[in-house]
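Beneath this line is the structure, given in structure tokens, with notes to follow.
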Amino acid sequence: MGDISGDMAHPAQVKIVDLSLGWSFKQTDDVGENAWSPVKRIPSTVHQDLIDSKRLEDPFIGFNEVKAEWVGLKSWTYRTTLTRPNVPLSAKVILVFDGLDTFAHVKLGGRTILESDNMFLPHRVDITEVIKSKASHDLQIEFESAFLKARGIKDQHPEHKFICFNGDSARLAVRKAQYHWGWDWGPVLMCAGIWRPARLEIYTIRISDLKVDISISDDHKLATIHATAEIEGHDGSPAHLLADFNISLDGKTISSGCVKLGQHGKASTHLEVPNPELWMPHGYGKQTLYTVSVTAVSDGMPLHTVSRRVGLRKIRLVQDNDSHGKSFYFRVNDVDIFCGGSCWIPTDSFLTNVTPERYRAWIELMVPANQKMIRVWGGGIYEHDAFYDACDELGILVWQDFMFGCGNYPCFPAILDSIEAEAVANVRRIRHHPCLAILAGNNEDYQVQESVGLTYDYEDKNEEHWLKSDFPARYIYESLLPRVSAAEAPGIPYWPGSPWSHGKVSSDPTVGDMHQWNVWHGTQEKYQIFDSLGGRFNSEFGMEAFPHIATIKTFVEKEEDLYPQSHVLDFHNKADGHERRIATYLVENVRTATRLEAYIHLTQLIQCEALMYGYRGWRKQWGDGRHCGGALVWQLNDCWPTTSWSIVDYYLRRKPAYYAMARVLAPVAVGIRRAHHDWSVTHAREPKTQDWELWVVSSRLTEITADVEVRFVSVRTGREIKEKVVKQGIRLIANGTTHVSKGKVDNVQEEPHVLAARIWVDGKLVGRDTDWPQPLKYLQFPDRNVKVEVLGDEMHVTAERPVKCLVFEEREGCHLSDSAIDVVPNDKQIIHVRGLKTGDPALDWTYLGAGEQ
Ligand code: BMA
């Protein structure tokens with residue numbers, strides 16, 4: 001058992017006894033003292049504890065996932081000894097669990113003190129009387145198999161249609177991270193354990209909640225903070241208690257107010273901040289963080305202080321009727337923000353292995369990539385505080401799903417109570433973070449209904465009807481969760497689901513957000529037309545790519561299995577039909593390869609191209625009356641080493657698409673493209689001409705001027721086949737799209753050529769874009785004569801003929817300013833490398849067709 005911490009100056013002050021050490025665990029059925037193995041520390045998960053005790057092989061390697069299956073089918077018991085702390089007479093002793101995964105029976109001295117069946121719920125158990133009775137107590141927690149329990153609960157509800165995409169449908173009956181049942185990017189690893197911190201709290205008075213609502217005046221000259229504290233344990237004599245509120249910046253108080261405790265143990269006040277430093281997403285201003293605190297004071301003695309780090313900002317989801325339907329975009333402090341970004345899955349199959357530093361490293365990746373928003377997807381968890389802290393500090397907006405994913409969820413009374421408690425607890429935990437932009441009811445649950453033909457009447461607003469229908473969870477998304485959100489986080493927009501379209505089919509492109517999966521899944525369209533498939537906000541779309549070779553080598557045990565279609569590589573790709581889909585996109589676009597490294601490059605190039613076509617086109621539409629309000633790639637990260645849609649792999653090694661995305665999301669980005677023609681439909685009959693267009697997108701909030709050029713460079717010879725187009729002094733529309741020029745590619749008279757655009761602002765080259773004849777497989781790439789000259793921490797890249805997707809090695813500890821670049825003659829590109837030590841070998845590189853030379 002841990003030490004008592006906290007200021008011991010006054011016996012009534014809150015004291016914390018940390019319970020992270022001194023635990024052991026065993027399979028519940030095993031008997032005898034020998035059955036117990038030590039636990040390094042909690043929070044933990046049983047798999048990691050078994051690995052640490054050498055009773056389980058690392059499930060991330062080879063086929064070990066299968067060998068770990070038994071773990072999820074057993075019950076596990078954890079135990080420790082609680083020693084009687086020094087407790088003042090009037091104090092309470094509360095045993096606190098921030099999270100138990102999932103079916104937990106907690107016994108103190110052999111007596112059940114808590115039963116839990118919801119991983120997302122924190123618990124507080126009053127053990128004052130029990131703990132005082134003896135010097136030490138045995139604390140045991142038994143975790144039953146969630147897999148088996150889920151099946152049992154499902155069987156008890158024959159009235160409900162358990163339908164889902166991904167995993168065993170019984171998962172829908174259990175409030176546990178749904179990806180533990182396996183997903184199309186993740187293994188089946190049914191974790192169990194004390195997954196969030198545990199401690200004793202000893203106090204007479206405690207602040208149990210601090211709610212901070214912020215409003216900003218129209219002229220931004222005044223921020224008003226409405227703060228409400230809830231205080232428990234005041235034993236009916238609130239007159240003695242004061243709540244001392246304070247807002248500070250960098251330790252300096254700006255405003256404060258002391259109020260008497262009112263009815264129901266509540267106290268509230270208004271604090272004002274004149275000329276506030278507003279919080280903005282990165283790239284739009286500072287991420288200033290103020291601290292709001294409240295201290296419970298009795299007879300001049302401070303007993304407990306609670307603080308929230310807040311950002312002063314207002315956020316709106318703008319849904320106006322317009323010529324495209326109904327808009328869907330975010331406005332922060334009156335600035336319209338195009339939300340280019342990513343979707344986020346739990347970043348490890350074993351959640352308790354993710355440190356705050358690792359969370360920070362993930363979010364840090366987004367900043368140089370010009371990403372503004374991350375979506376916490378509903379099949380995982382309400383994230384760790386460190387995740388939201390990093391987003392606050394780095395200026396990344398968070399789209400937060402509630403934890404429901406890809407299913408028809410049941411609504412029996414007990415589960416509804418549990419969901420309500422879960423929603424209140426988690427919204428209260430995260431609502432003060434300035435990064436929080438939206439709360440959304442679920443991931444794709446409306447789509448599941450549509451896909452199996454379980455239609456519902458949107459106009460029927462009778463909640464009782466919903467609960468009795470084949471889609472009872474409509475009650476959760478359209479009644480329970482919006483009610484909780486409005487009460488607990490009134491300043492944050494609520495949205496019933498991702499995607500959702502105000503009762504229209506959830507793929508409606510004119511209203512609401514959209515998951516566009518007709519590239520890869522669905523009708524498997526060509527990615528070149530991604531832009532034409534979007535809606536008002538594209539909250540999911542993606543393309544798979546292999547991870548880095550070094551990542552692959554961590555799980556492939558035999559050298560002979562290092563080939564693209566080996567059994568173990570297929571096993572480390574959980575997506576339906578992945579072999580066919582990867583092959584389709586490769587065969588359609590590039591000359592395919594069999595050597596693993598070349599194949600990795602090709603899959604990554606395809607991902608790069610696909611995402612570029614999506615983001616580039618949708619960002620252009622931002623300027624067309626906010627036609628598209630944002631795009632979030634599926635997915636930023638991985639939970640194990642695998643092939644998936646992630647743009648950065650499990651070991652934080654960036655895939656080339658990461659860089660392609662960064663370029664098209666740059667504050668000022670030039671875009672060029674020729675009109676699409678579908679080569680497989682026309683059976684290689686090229687159109688005689690193709691229109692091309694040139695535009696610039698700018699997220700600068702004032703108009704600026706720029707110079708733009710387009711060159712027409714033969715793929716075969718590297719020569720310019722016609723006079724370049726130069727436009728000087730173009731005025732770029734603020735926070736919008738400027739159409740610059742257009743023309744025609746003559747496929748009869750002109751040889752295949754690249755349209756190579758560049759843009760300068762104040763004489764400085766700030767961006768490039770290239771458009772290539774499609775498909776790339778019809779092009780020849782001999783004699784590119786690529787040179788990469790290393791000069792200090794710079795790499796100078798040149799080529800004599802156009803080069804597609806030149807990718808540099810991702811070496812541990814190295815950061816590149818760019819990669820996956822297209823290079824054209826007479827345009828040297830300089831890549832900055834951070835982290836390469838003197839004497840280290842130069843970074844390796846490759847490009848499309850490199851093998852042909
Ligand atoms: C989506 C997500 C996930 C899934 C992904 C890839 O729609 O919501 O459920 O992993 O597609 O298939």
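Order of appearance sets the numbers: ligands from 1, and atoms from 1 within every ligand. The structure displayed is predicted, hence computed values, not measured ones.
Geometrically, R581 does not engage Y585 in a cation-pi contact defined by less than 6.0 Å to the ring centre and at most 45° from the axis. A cation-pi arrangement is absent between R360 and W362, since the terminal nitrogen or guanidinium carbon is not both under 6.0 Å from the aromatic centre and inside a 45° cone about the axis. Cation-pi geometry between R654 and Y658 is met: the NZ or CZ atom falls under 6.0 Å from the ring centre, inside 45° of the normal.
Side chain of E65 to main chain of V188: a donor-acceptor pair is present (N/O by atom type, distance under 3.5 Å, no hydrogens or angles).
Between the side chains of S646 and Q635, no donor-acceptor pair of N or O atoms lies under 3.5 Å. Side-chain contact check for D649 and H548: no donor-acceptor pair (N or O, by modelled atom type) lies under 3.5 Å.
Residue F165 places every heavy atom at 4.0 Å or more from ligand 1. Judged by the shortest distance from any of its heavy atoms, H521 lies inside the 4.0 Å radius around the atoms of ligand 1. Close to ligand 1: W377, with a non-hydrogen atom less than 4.0 angstrom away.
Using a 4.0 Å cut-off to heavy atoms of N443, the atoms of ligand 1 that qualify are 8 (O), 9 (O). Residue W185 has at least one heavy-atom neighbour below 4.0 Å for each of these atoms of ligand 1: 10 (O). Atoms of ligand 1 found under 4.0 Å from any heavy atom of C406, numbered from 1 in the order shown, are 9 (O).
Among protein heavy atoms, atom 7 (O) of ligand 1 sits closest to E444 OE2, 2.1 Å. In this structure, the protein non-hydrogen atom closest to atom 9 (O) of ligand 1 is W183 NE1, 2.9 Å. Counting protein heavy atoms only, atom 2 (C) of ligand 1 is closest to E540 OE1, 3.1 Å. Summary of contacts: the protein heavy atom closest to atom 5 (C) of ligand 1 is W634 NE1, 3.4 Å.
Considering backbone and side-chain atoms alike, H515 places every N or O at 3.5 Å or more from each N or O of ligand 1.
Every residue meeting the ring pair (Phe, Tyr, Trp, His ring centres under 6.0 Å) condition with F530, not counting sequence neighbours, appears here in chain and number order: F541, W618. The ring pair (Phe, Tyr, Trp, His ring centres under 6.0 Å) test applied to W520 returns W645, not counting sequence neighbours.
Taking only non-hydrogen atoms, the option from D184, N166, N442 nearest to atom 12 (O) of ligand 1 is D184.
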